[in-house]
Protein chains: 2
Amino acid sequence: MEKEARRTRWKQDPDSVKADILRAAVAEFSVKGLSGTRIDEIARRTATSKRMIYYYFGDKVGLYRAALESEYHRARHQEGEIDFSGLDAVEAMRRLVEFTFDFHRHHPEFVAMIAHENTQAAVHLAESEVIRRLNQGAVNQVGEIYADGVARGQFRPGLEPVRLHWMISALCFYNVSNRHTFSAGFGDTIHSDEGQETHRRFVVDLVMRAVMAQPEATSTAP
Amino acid sequence: MEKEARRTRWKQDPDSVKADILRAAVAEFSVKGLSGTRIDEIARRTATSKRMIYYYFGDKVGLYRAALESEYHRARHQEGEIDFSGLDAVEAMRRLVEFTFDFHRHHPEFVAMIAHENTQAAVHLAESEVIRRLNQGAVNQVGEIYADGVARGQFRPGLEPVRLHWMISALCFYNVSNRHTFSAGFGDTIHSDEGQETHRRFVVDLVMRAVMAQPEATSTAP
DNA sequence: TGACAATTGTACGAATTCGTACATTTTTAA
DNA sequence: TTAAAAATGTACGAATTCGTACAATTGTCA
């Protein structure tokens with residue numbers, strides 16, 4: 001008996017309730033892991049109740065998987081948003097590395113969830129189709145840029161796209177995943193906000209040196 | 001009433017009991033993490049009982065810290081064993097990277113324990129003195145080799161030792177820490193036994209390209 | 001040898017936490 | 001309007017698991 005719209009109006013809103021639960025779940029799982037997380041704690045962080053978590057996601061593992069996949073979906077979505085238009089291979093490669101660096105840096109929960117998966121041998125990820133597509137897309141992306149650069153004589157030939165992707169991923173992932181133990185050992189020279197700007201250039205430079213035919217022309221620093 | 005030695009012979013052997021407990025603890029903690037590990041399961045893996053764990057290590061967290069430090073001690077010990085005698089800067093740098101690559105590869109529990117620490121913001125490591133010394137030693141090591149190479153004109157100047165150490169560590173750590181999710185996405189081209197040989201050369205090559213004044217002279221591959 | 005300290009075994013108490021039974025409200029469909 | 005389905009709140013049962021009380025055994029030292 002409310003004003004606008006006459007069909008399918010729910011005061012109840014399952015979709016936003018689910019999204020709310022997933023948000024809280026990622027926040028907890030990414031920090032505490034599967035076993036360290038308490039369902040009651042997730043419930044406390046939501047606008048709803050524990051009862052709803054079980055209603056929509058079945059059990060703890062079901063919620064964990066849903067949270068993991070939702071993070072992958074977000075990553076996959078952003079990945080396709082990079083704008084390479086008007087860039088040659090060298091510039092495109094730079095942009096790709098910069099994007100990857102920034103994405104990891106701004107999504108530590110994503111990094112943490114994957115780190116947790118790895119400590120458990122990726123058992124929950126192995127059965128998911130989503131990850132396979134995401135990763136394959138990333139490899140194709142770097143592969144195309146690389147092939148273009150080789151064709152133009154800017155990049156040295158002989159490198160495998162999957163290894164290039166591995167390298168970029170390793171540097172960008174480790175930068176976030178191990179920032180705590182690294183900072184504990186050396187202070188925050190690298191991981192402070194200013195330090196990360198320098199470090200970002202360093203990482204880009206490393207990748208360019210790895211792929212360029214004439215690496216000397218790569219460095220940005222004086 | 002046994003043969004040799006007359007003083008302080010114990011049928012009881014606290015040191016080996018402790019070592020036995022630590023071994024089992026590392027095996028569990030590295031896979032399941034602090035909260036995922038069950039003390040009863042560790043006890044089952046030892047030759048002794050749960051009672052002994054509490055007797056020697058106080059509580060679960062005490063055991064966790066002891067396990068973490070014991071892994072660091074082992075790493076620190078091996079680190080000092082590398083033989084650089086007779087090597088010039090270029091060869092020494094290669095050997096350092098190879099050693100680091102191999103060490104991580106052969107000690108996945110070490111890698112896993114650090115990964116766990118990072119998901120928890122390294123709270124247990126932050127108060128430990130051991131790690132600081134270990135890391136500082138590693139930086140000094142690469143710093144000396146680098147300075148030597150710069151002095152001889154083999155390496156390009158301007159790089160910070162801590163960033164060089166970061167790079168080597170990132171590549172070697174990620175290779176082990178993320179092997180599961182990476183394999184799940186691309187098969188085991190990189191992480192199979194044969195794949196790792198190629199990959200090891202790739203990683204060494206990346207580091208050499210990053211530091212060499214004339215990177216072209218670096219590649220081992222045809 | 002006898003007193004005292006170090007080491008180990010057994011059983012269990014107390015707290016935590018996953019998941020559900022049951023009741024209630026909200027929305028759709030006939 | 002009314003019956004059925006979807007969504008939600010409340011309280012609690014059952015299992016797990018950390019840590020300990022208590023007792024017993026083994027070794028040192030005077």
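Side chains are part of it too, since the values below use all heavy atoms of this structure and drop only hydrogens, waters and symmetry mates.
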Rounded interatomic separation in angstrom, taking CD1 from A:Ile53 and P from C:dT17: 14 Å
Among D:dT17, C:dG9, C:dG19, the nucleotide that comes nearest once only the side chain of B:Arg38 is considered: D:dT17
Whole-Å gap separating P (D:dG19) and CG (B:Asp40): 11 Å
Interatomic distance where OH belongs to A:Tyr54 and P belongs to D:dG9 [whole Å]: 16 Å
Length of the line joining B:Tyr55:OH and D:dA23:P, which is rounded to integer Å: 18 Å
Mutual orientation of the aromatic rings belonging to A:Phe182 and A:Phe186 [parallel < 30°, tilted 30-60°, perpendicular > 60°]: tilted
B:Glu117 and B:His124 side chains, donor-acceptor separation under 3.5 Å: yes
Residue B:Pro14, side-chain atoms from C-beta onward, closest of D:dC18, C:dG9, C:dT7: C:dT7
Atom-pair distance (NZ on A:Lys18; C1' on D:dA7), nearest Å: 11 Å
Most 5' of A:Ser35 and A:Arg51 on DNA chain C, judged by nearest nucleotide: A:Ser35
Rounded interatomic separation in angstrom, taking CZ from B:Phe57 and P from D:dT20: 16 Å
Base of C:dG19 paired with side chain of A:Lys60 (donor-acceptor, under 3.5 Å): no
Value in whole Å for how far the P atom of D:dC18 lies from CZ of B:Arg44: 14 Å
Residue-phosphate contact under 4.0 Å: A:Ser49 side-chain N/O, D:dG9 OP1/OP2: yes
pair B:Gln78-B:Phe99: side-chain heavy atoms closer than 4.5 Å: yes
Side-chain N or O of A:Tyr56 closer than 4.0 Å to phosphate OP1/OP2 of D:dT8: yes
Passing option when A:Phe101 is tested against A:Val207, A:Ile168, A:Val204, A:Asn175 for side chain to side chain contact (heavy atoms under 4.5 Å, CB included): A:Asn175
Distance in angstrom units between B:Tyr64 OH and D:dC18 C1', rounded: 18 Å
Which atom of B:Lys60 lies closest to which atom of B:Thr37, heavy atoms considered: NZ-O, 2.8 Å
